Protein chains: 2
Amino acid sequence: MLDNISKDARGNVYAAMCPCRDLLDVLANKWSTLVIGALESGPQRFGQLKVRLQGVSPKVLSQTLKRLEGRNLLTRTVYAEVPARVEYELTALGHGASRPLKDLRDWVETNVTRAEPRP
Amino acid sequence: MLDNISKDARGNVYAAMCPCRDLLDVLANKWSTLVIGALESGPQRFGQLKVRLQGVSPKVLSQTLKRLEGRNLLTRTVYAEVPARVEYELTALGHGASRPLKDLRDWVETNVTRAEPRP
DNA sequence: CAGTATCCAAAAGGATACTG
DNA sequence: CAGTATCCTTTTGGATACTG
């Protein structure tokens with residue numbers, strides 16, 4: 001029988017100590033949201049991503065990719081060519097995460113005029 | 001007739017200069033995601049939110065609420081009681097934004113064990 | 001109760017320049 | 001091409017302490 005600690009191993013993002021807080025932090029930020037969206041339609045190279053994510057620096061893009069790779073959300077593949085070609089691709093897990101993120105991007109693009117800042 | 005600049009006024013989150021980049025930044029972060037989720041079921045007071053969002057400091061909670069209020073995503077209402085009662089409530093716009101965010105929270109809670117960090 | 005004010009440490013991010 | 005290294009500025013966030 002299943003032990004009573006892990007049960008179905010579902011997390012609670014409202015619990016400070018739950019590991020899913022960290023996962024939420026990895027996904028719920030601007031650059032991760034944009035990277036995952038850019039990879040939805042298929043593998044992309046570093047340079048392609050840098051162009052699509054207008055304004056991102058190579059340092060930040062690299063950091064973001066590493067964090068997502070470390071969570072099994074995407075894979076990094078090096079092809080033995082000259083010069084080397086490197087492709088990033090969403091894993092099955094990454095594709096799952098991409099759905100709510102796509103909905104969020106779509107909502108933002110549609111409703112931006114209704115959420116104008118009034119400081 | 002409509003002017004040809006605003007058209008349907010849909011934004012593009014991949015464009016660096018698009019105002020929706022800022023809106024994405026407001027929504028796509030850990031604390032906003034949790035605040036909006038906590039308000040989904042109805043109005044909440046500051047203290048209640050502070051308890052639900054385990055580990056958040058009053059400063060950060062206050063900042064997050066102000067940013068969301070400034071985007072018309074929630075309202076702040078002060079009731080003339082002693083001591084004063086203050087309630088935060090999602091606007092219609094905020095409820096719209098809360099859907100993809102809820103899906104994201106749910107996905108995170110369900111898949112946290114499959115996205116364990118491998119540094 | 002509902003915040004604000006302070007102080008500080010840590011992380012994020014931008015700009016380049018440089019390398020295998 | 002695909003990053004890494006460096007430098008520096010800005011933001012974020014935690015911890016308290018304090019106030020109307």
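Computed from a predicted structure; not experimentally measured. So that the names make sense, note that chain A is the first sequence line, chain B the second, and so on, each numbered from 1.
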Peer 1: Rounded to whole angstrom units, what separation is found between the CD atom of B/Glu69 and the C1' atom of C/dA2?
Peer 2: 14 Å

Peer 1: Hey, which of B/Val26, B/Val13, B/Asp22 is the one that makes side-chain contact (heavy atoms from CB on, under 4.5 Å) with A/Val108?
Peer 2: B/Val13

Peer 1: Counting runs of three or more consecutive pairs, Watson-Crick or G-U wobble, with each distance below 3.5 Å, where are the stems of DNA chain C?
Peer 2: C:1-20 with D:1-20

Peer 1: From CD of B/Gln48 over to P of C/dA2, roughly how many Å is that when rounded to an integer?
Peer 2: 8 Å

Peer 1: Taking atom P of C/dG13 as reference, at what distance in whole Å does atom NZ of A/Lys30 sit?
Peer 2: 6 Å

Peer 1: Under the salt bridge (charged side-chain N to carboxylate O under 4.0 Å, His left out) rule, what pairs show up with a residue in residues 33-42 of chain B, not counting sequence neighbours?
Peer 2: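 Counting only pairs at least two positions apart or across chains, the salt bridge (charged side-chain N to carboxylate O under 4.0 Å, His left out) contacts touching residues 33-42 of chain B are B/Glu40-B/Arg105.
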
Peer 1: From OH of A/Tyr88 over to P of D/dC1, roughly how many Å is that when rounded to an integer?
Peer 2: 14 Å

Peer 1: Tell me whether the side-chain N/O atoms of B/Lys66 come closer than 4.0 Å to OP1 or OP2 in C/dT4.
Peer 2: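 Yes, B/Lys66 has a side-chain N/O under 4.0 Å of OP1/OP2 on C/dT4.
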
Peer 1: I'd like to know if the side chain of B/Gln54 and the backbone of A/Ala16 have a donor-acceptor N/O pair within less than 3.5 Å.
Peer 2: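 Confirmed, B/Gln54 side chain pairs with A/Ala16 backbone.
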
Peer 1: Is it true that A/Asp25 and A/Arg21 make a salt bridge, defined as a side-chain N closer than 4.0 Å to a carboxylate O?
Peer 2: no

Peer 1: Just how far, in rounded Å, is P of D/dG13 from CD of B/Gln54?
Peer 2: 17 Å

Peer 1: I'd like to check B/Val35 versus B/Tyr88 (side-chain heavy atoms, cut-off strictly below 4.5 Å). Are they in contact?
Peer 2: no

Peer 1: Has B/Arg76 got a side-chain N or O lying under 4.0 Å from the OP1 or OP2 atom of C/dG3?
Peer 2: yes

Peer 1: Tell me which of A/Ser57 and B/Gln63 sits closer to the 5' end of DNA chain C, going by the nucleotide each one is nearest to.
Peer 2: B/Gln63

Peer 1: For atom CZ of A/Arg99, is the number of surrounding heavy atoms from other residues, nucleotides or ligands below 6.0 Å larger than 12?
Peer 2: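 Check fails, neighbour count at 12 or below.
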
Peer 1: Please determine if a side-chain N or O atom of B/Tyr79 lies less than 4.0 Å away from the OP1 or OP2 oxygen of C/dA2.
Peer 2: no

Peer 1: Counting only side-chain heavy atoms from C-beta out, which of D/dG3, C/dT4, D/dG14 sits nearest to B/Pro58?
Peer 2: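 The answer is C/dT4, which lies nearest to the side chain.
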
Peer 1: Any side-chain heavy-atom pair from A/Leu39 and A/Glu89 closer than 4.5 angstrom?
Peer 2: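 No; the side chains remain at least 4.5 Å from each other.
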
Peer 1: Give me the one residue out of A/Thr110, A/Asn111, A/Thr113 that meets side-chain hydrogen bond (donor to acceptor under 3.5 Å, both in side chains) with B/Arg10.
Peer 2: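 Single pass found, and it is A/Thr110.
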
Peer 1: Going by heavy atoms closer than 4.0 Å, what residues in residues 33-46 of chain A are next to DNA chain C?
Peer 2: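 Residues of residues 33-46 of chain A under 4.0 Å from DNA chain C: none.
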
Peer 1: Quick one: B/Arg85 CZ to C/dG3 P, roughly how many Å, whole number?
Peer 2: 13 Å

Peer 1: Determine, for B/Arg85 against B/Glu87, whether the closest basic-nitrogen to carboxylate-oxygen distance falls under 4.0 angstrom.
Peer 2: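 Yes, charged N to carboxylate O under 4.0 Å.
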
Peer 1: Please report the distance, rounded to the nearest Å, between CE in A/Met17 and C1' in D/dG14.
Peer 2: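 Value for this atom pair: 12 Å.
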
Peer 1: Is there a side-chain contact between B/Ser62 and the phosphate of C/dT4, meaning an N or O under 4.0 Å from OP1 or OP2?
Peer 2: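 Yes, within the criterion.
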
Peer 1: Return whichever of A/Glu87 or A/Asp25 has its heavy-atom-nearest nucleotide of DNA chain D closer to the 5' end.
Peer 2: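 By nearest-heavy-atom nucleotide position, the 5'-most residue is A/Glu87.
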
Peer 1: Membership question, hydrophobic clusters at under 4.5 Å side-chain separation (ILVMFWY): are B/Leu61 and B/Val78 in the same one?
Peer 2: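 B/Val78 clusters together with B/Leu61.
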
Peer 1: If the cut-off is 4.0 Å, is A/Trp31 near the phosphate of C/dA12, judged by side-chain N/O to OP1 or OP2?
Peer 2: no

Peer 1: How is A/Lys59 classified with respect to the nucleic acid when contacts are heavy atoms under 4.0 Å: base, sugar-phosphate, or nothing?
Peer 2: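 A/Lys59: base contact, heavy atoms under 4.0 Å.
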
Peer 1: Can you tell me how far P of C/dT4 sits from CG of B/Leu61, to the nearest Å?
Peer 2: 10 Å

